[in-house]
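To start, the structure under review is shown below, and the notes come after it.
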Amino acid sequence: MTSTLPVPPTVEPGYPPAEPPAARDAPWVRPALISLLLLTGVLYIWGLGASGWGNSFYSAAVQAGSESWKAFFFGSSDAANSITVDKTPASLWVMALSVRLFGLSSWSILVPQALMGVATTGLLFATVRRWYGPAAGLIAGTVSALTPIAVLMFRFNNPDALLVLLMVAGAYATVRAIENGSTWWLLLAGAFVGFGFLTKMLQALLVVPAYALAYLVAGPPKLGRRLWQLVLAGLAVVVSAGWYIAIVELVPASMRPYIGGSQNNSLLELTLGYNGLGRLNGDETGSVGGGGNGGGGGWGETGILRMFDAAQGGQVSWLLPAALIVLVAGLVLTLRSARTDRLRAGLILWGSWLVGTALVFSFMQGIFHAYYTVALAPAVGAVVGMGSALLWRHRRNVFAALTLAAAIGVTAWWSWHMLGWSPDFVPWLRWVVLIGGVVAALGVLASLRLPAKVALAIAGLALGAVLAGPAAYAVQTASEPHTGSIPSAGPATQGGFGPGGGRGGRGGPGGFPGGFPGGGFPAGGFPGGGFPGATGTGTQQGGTTQPGTPPQGGFRDGGMRGGGMGGLLDASTVSDQLKALLDANADQYTWVAAAVGSQSASGYQLATEDPVMAIGGFNGSDPSPTLAQFQQYVTEKKIHYFIGGGGFGGGRGGGTGGSNAGSQIASWVAETFPPQTVDGVTIYDLTATK
């Protein structure tokens, strides 16, 4: 009987049944899944080589790992093992193995990332399908795959691709544990989190409360056993991540590279400081921007609406309002269900992931980039898929129909609003989305009385309306190359380069929202003089050896699109003449060159495929090497050239501290050795004297 009052219906506990999903799949499910995976693969792989080295900071470490097993294990920036990247190296391991198999190229580095994206889509489908059916799984996979920031990051070589795959794998293992109370599945979930830690450190732990809460609420065993199982799962996290930390900490510093991103050559310090609590409270020693005394500082404004502002909105928030609406509705629908009800357990699992991670991102005061929000894509997809399937099943109830119509209408309005930020980008689309969404929402309300076939057409219209905006952004993102350290999805938005403006809503030169903290450039300019990445004295410009990246002056591609101001946020381009100079007698030196900052060094290393020392690590603010150590290397003739104009160097950015060794080294070199200019780049031969 059709309900006439807006009262939530009671949901049958355990729907759908617990038998293997394949046993209840309709004939259309497998072709639909294969089509989804193929289209995802095409979207993520087509034209991938145009992005060149992507984030050269990581590509250089991949190249090093393909040449040296020691560099592979530690995640060193160069094969001579001077310093590591500022993350644990699991994602580098995957790419380095690919390079060992297929040779060094943008394809061998980036294709593994794209394949991780396809795997994430498939695994998300399998996870959601188990309890909510194939239609929900397909919606979840489609929403996640079309999220613009997911398209970008699965076409890029930051650690986030592997991190997201491992997070979804952990959710799948948690689902299996909830089904039968299996300790082994819980241990596997913990192991996935541990390897997530080895990919991007503490960010992997953001999903742990979601896993734990879902099992604690819905796990079949009695409470005492559930608590004990969760303790064991926590130990699995510690063991699967701790072995690596223990080895790195126990190996004498003289026998391993310096730990990039730390000030005391400690992986524990990096974990708890720069890549840990510092991200939350903004106290990040050695950072170029840091947080902001409660307001986000150089990384944008914090607050409950951060995921909806112009910087993050187009990246991930297209269906975020719908996800929150159907999440609340789904919890209401399952309120009176049994404790072990799987429908509610799924909402708790993915809803906790979504809300918890979004809140952390919204209020963290340290370094924050829009691409972090890729961690929300699977949760948004899962909640939308589960919630919409649940509400659609009960659409003849007024409460369910009203809620589903509201989710569709709000999503259409929000898409219309965000598309308005880019008035020159497919201008007609925003009106099609709005009108289609309104019609679909009204159709859902009418489906209280409409026959099933008409209702199905309405469902198709609704899906088209809510997915058109992110799909357009996704295709646009895949159609352009992206390089540098702060990539951003989608077309340029209105607002210039202030907060909320710029490409993908990013503000400030090189991707800093609102510009550099305190205004202008860091005090003292750039070590070695000049402006990294621009033509002229003390710069690093010329013909390019980076695949798919043309020579440029001033701001590079990364400066406005992929995040870089030359030597800090994007790699230096290298002319053929300069490459030939560095290659000459390269086998006589441990490092063919040294430069302040990892991005500056990475361009030369990728061009020559020889070790280039990254003085001071990513920001140029790590105390590695010290001036005395560098002088010793020069005395021993281990370094051939010093390249001027790279990185910020040592505690110059925003008053965030760090070592000034990079600046000291640059000054000593300039005072001690004669400069020469090659294609606009100032270099110093460290084997010569004035």
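Proximity of a side-chain donor or acceptor of Glu249 to a complementary backbone N or O of Ser266 within less than 3.5 Å is not detected. Side chain of Ser98 to backbone of Ser108: a donor-acceptor contact under 3.5 angstrom is found. One N or O on the side chain of Ser388 and one on the backbone of Gly385 form a donor-acceptor pair closer than 3.5 Å.
Relative orientation of the Trp93 and Tyr244 rings is perpendicular, given thresholds of 30° and 60° on the angle between their planes. The aromatic rings of Phe361 and Tyr372 are tilted relative to each other, their planes meeting at an angle between 30° and 60°.
Remark: Arg395 qualifies as a cation-pi partner of Trp392 under the 6.0 Å distance and 45° angle criteria applied to the six-membered ring.
More than 12 heavy atoms of other shown residues, nucleotides or ligands fall within 6.0 angstrom of atom CH2 in Trp69. Applying the 6.0 Å contact sphere to CH2 of Trp28 captures more than 12 heavy atoms from other residues, nucleotides or ligands.
The OG1 atom of Thr84 sits 7.0 Å away from atom CG of Leu270, with the distance rounded to the nearest 0.5 Å. Rounding to the nearest 0.5 Å places CZ of Phe57 at 9.5 Å from CG of Asn158.
Using a 4.0 Å cut-off between charged side-chain N and carboxylate O, Arg130 and Glu179 make a salt bridge.
Aromatic ring centres of Trp53 and Tyr58 lie farther apart than the 6.0 Å criterion allows.
For the pair Val118 and Phe154, the minimum side-chain heavy-atom distance is 4.5 Å or more. Side-chain contact between Val164 and Pro378 is present, with heavy atoms from C-beta onward closer than 4.5 Å. Looking only at side-chain heavy atoms (C-beta outward), Gln315 and Ser488 come within less than 4.5 Å of each other.
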